[in-house]
Amino acid sequence: MRGYKILIVEDDLKMNQGLLHIISKQGYAAESVDSGEKALEKIKNTEFDLVISDLKLPGIDGRQLLKATKKYDANILFVIITAYGTVDTAVAAMKEGAEDYILKPFDMEELRLVVKKIMEKRKLLLSNIRLQRQLEKKYTFENIIGTSEAMMTVFKTINRVKDSRTTVLICGETGTGKELVARAIHFNSDKASKPYLPVNCAALNENLLASELFGHVKGAFTGAISDKRGLFEAADGGTLFLDEIGDIGAGLQQTFLRALENGEIQPVGSFERKKVTVRIIAATNKNLEAMVEQGSFRKDLYYRLNVVIINLPRLRERQRDIGILAHHFLKRYSAQNNKSIKRISQEVLRLLENYDWPGNVRELENIIERATLFEVSSEITPDSLPSALTTPPSVSDTEPFSKDIKSLEQLSKKHIIKVLETTGGNKTKASKLLGVNRSTLWRIMNRLKLN
Ligand SMILES: Nc1ncnc2c1ncn2[C@@H]1O[C@H](COP(=O)(O)OP(=O)(O)OP(=O)(O)O)[C@@H](O)[C@H]1O
Ligand SMILES: [Mg+2]
């Protein structure tokens with residue numbers, strides 16, 4: 001960990017040098033200046049942990065410096081030094097965010113104790129900031145893994161739109177990372193400290209969803225016992241993530257359109273309109289364009305949502321990402337489960353690359369999590385994969401028609417032999433692949449004299 005840095009602000013030269021000496025001897029890196037202006041300059045260029053400042057200074061005084069420092073970085077701690085007659089002002093400074101004050105004249109021991117106590121507080125603060133950053137990291141950009149062309153385009157788009165207020169529509173099958181991208185846009189934007197509120201539009205019926213989003217007034221419907229603020233208002237200044245937007249009904253589509261067009265919402269049962277400033281990110285796994293053509297989704301709303309569109313391709317269409325994603329999840333779950341599996345065998349990588357991934361990245365994540373738990377060796381082997389990945393898909397449907405095969409019986413016979421070959425003669429596996437139970441397979445094999 002880096003050493004702590006303390007800045008001393010004192011215009012009395014003797015006092016200034018004395019403080020510098022004591023603090024340096026205590027083991028901290030200390031610097032000193034003789035005015036508030038110089039102090040501010042320093043604070044902006046160096047990362048200080050604590051500022052110890054005299055209250056009375058020419059120009060910017062101690063309290064003004066305190067305000068400016070806290071505005072620049074609220075986590076920098078501040079101590080005021082003051083003469084006896086100005087204790088009231090020192091107390092006022094504490095209300096404004098100073099951690100403590102020291103009365104002049106003071107002895108060395110007193111100063112040391114105050115500094116020690118405050119640096120302990122700083123240590124705690126720093127470890128919290130570190131934890132917080134780790135937590136935020138869960139949604140940072142760097143945590144969206146991908147090296148494929150398609151993902152590069154996604155990253156570029158996130159970068160371009162994150163700080164704007166533009167509506168973004170994220171499209172992709174289930175498990176392709178739509179929510180991850182929505183979070184990345186918000187948490188990397190200049191509004192990251194404002195609320196990010198996700199709403200699943202498919203989870204509620206139309207009336208409930210309207211009241212959830214726009215709020216309602218007391219008596220708007222049975223059960224509306226008091227006024228309730230909607231999510232549009234709660235997310236003011238931040239982001240509202242409308243997940244499964246393709247699932248909202250016709251009535252709400254119209255209300256949405258109005259909200260998006262004029263930034264105005266109307267709580268259920270109210271005549272009053274309210275202005276809100278919310279960035280909308282919407283997501284869907286439906287083909288909205290096709291829905292517009294069929295008439296089940298409003299064209300005007302579609303165009304409103306579709307200002308910037310981010311398409312997340314299916315995992316099978318970005319084969320290059322499969323290996324790197326698998327390693328990413330292996331690292332995560334291996335650490336989480338106190339395992340020390342570091343590698344994925346070549347054979348498993350080949351199986352992963354050949355699989356169809358109907359559940360996309362989520363399915364890959366689940367499979368690697370499960371494999372990390374089941375694996376007993378030091379690398380992921382096929383034994384810890386689910387059978388869907390290890391049993392080859394349907395065997396002969398791609399084979400061209402052959403004139404040699406005269407009858408359906410013969411065809412069945414050939415097919416069963418092939419399946420049995422791929423399962424190494426294992427009849428249970430073969431029956432699964434053929435979609436019949438084991439005894440049926442047994443009977444057919446008997447009839448075809450396959451035993
Ligand atoms: N590119 C990626 N890098 C790392 N993790 C990913 C990536 N894409 C998806 N994931 C992970 O896969 C899981 C599913 O992602 P997410 O919930 O964002 O998908 P979704 O598209 O919203 O799915 P659904 O339509 O089912 O809601 C999450 O655990 C997410 O962290
Ligand atoms: Mg989702």
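Indexing begins at 1, ligand by ligand and atom by atom, following the structure's order. A quick note: this is a predicted structure, and the numbers were derived from the prediction, not measured. Note: hydrogens, waters and symmetry copies are ignored here, and every other heavy atom, side chains too, is used. Residues: numbered from 1 along the sequence shown.
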Checking salt bridge (Lys or Arg N to Asp or Glu O under 4.0 Å) for the pair Glu347/Arg350: CA distance, chi angles, key distance, verdict? CA-CA 5 Å; Glu347 171 143 34; Arg350 198 180 48 76; 3.6 Å; yes
For Lys67, check salt bridge (charged side-chain N to carboxylate O under 4.0 Å, His left out) against everything at least two apart and list the hits.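 Salt bridge (charged side-chain N to carboxylate O under 4.0 Å, His left out) check on Lys67 returns nothing, list empty.
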N/O to N/O under 3.5 Å, ligand 1 against protein:
| unit_1 | atom_1 | unit_2 | atom_2 | d |
| --- | --- | --- | --- | --- |
| ligand 1 | 1 (N) | Ile145 | O | 2.9 |
| ligand 1 | 3 (N) | Ile145 | N | 2.9 |
| ligand 1 | 12 (O) | Glu365 | OE1 | 3.4 |
| ligand 1 | 17 (O) | Arg362 | NH2 | 3.2 |
| ligand 1 | 18 (O) | Lys178 | N | 3.4 |
| ligand 1 | 18 (O) | Glu179 | N | 3.1 |
| ligand 1 | 18 (O) | Leu180 | N | 3.1 |
| ligand 1 | 19 (O) | Gly177 | N | 3.2 |
| ligand 1 | 21 (O) | Thr176 | N | 3.3 |
| ligand 1 | 21 (O) | Gly177 | N | 3.1 |
| ligand 1 | 21 (O) | Lys178 | N | 2.9 |
| ligand 1 | 21 (O) | Lys178 | NZ | 2.8 |
| ligand 1 | 22 (O) | Glu179 | N | 3.2 |
| ligand 1 | 23 (O) | Gly175 | N | 2.9 |
| ligand 1 | 23 (O) | Arg362 | NH2 | 3.2 |
| ligand 1 | 25 (O) | Lys178 | NZ | 2.6 |
| ligand 1 | 26 (O) | Thr174 | OG1 | 2.5 |
| ligand 1 | 26 (O) | Arg362 | NH1 | 2.9 |
| ligand 1 | 26 (O) | Arg362 | NH2 | 3.2 |
| ligand 1 | 29 (O) | Glu365 | OE1 | 2.6 |

Donor-acceptor pairs under 3.5 Å, side chain of residues 202-221 to any protein atom, not counting sequence neighbours: which ones?
| unit_1 | atom_1 | unit_2 | atom_2 | d |
| --- | --- | --- | --- | --- |
| Asn205 | OD1 | Asn207 | N | 3.0 |
| Asn205 | OD1 | Leu208 | N | 2.9 |
| Glu206 | OE2 | Gly251 | N | 3.2 |
| Glu206 | OE2 | Leu252 | N | 2.8 |
| Ser211 | OG | His216 | ND1 | 3.2 |
| Glu212 | OE1 | Lys228 | NZ | 3.3 |
| His216 | NE2 | Ser226 | O | 3.3 |

query: Quick one: do Glu99 and Lys117 make a salt bridge, cutoff under 4.0 Å?
result: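 Result for this pair is no, no salt bridge flagged.
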Original post:
Please, which pairs that meet side chain to side chain donor-acceptor pair (under 3.5 Å) have at least one residue in residues 371-380, sequence neighbours excluded?
Top reply: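 Listed once each, the pairs are Arg343-Glu379, Glu375-Ser377, Glu375-Thr381, Glu375-Ser384.
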(Q) Under a plain distance cut-off of 3.5 Å, with no hydrogens placed, do Thr428 and Arg438 share a side-chain donor-acceptor pair? (A)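 On atom types as modelled, these side chains qualify, holding a pair under 3.5 Å.
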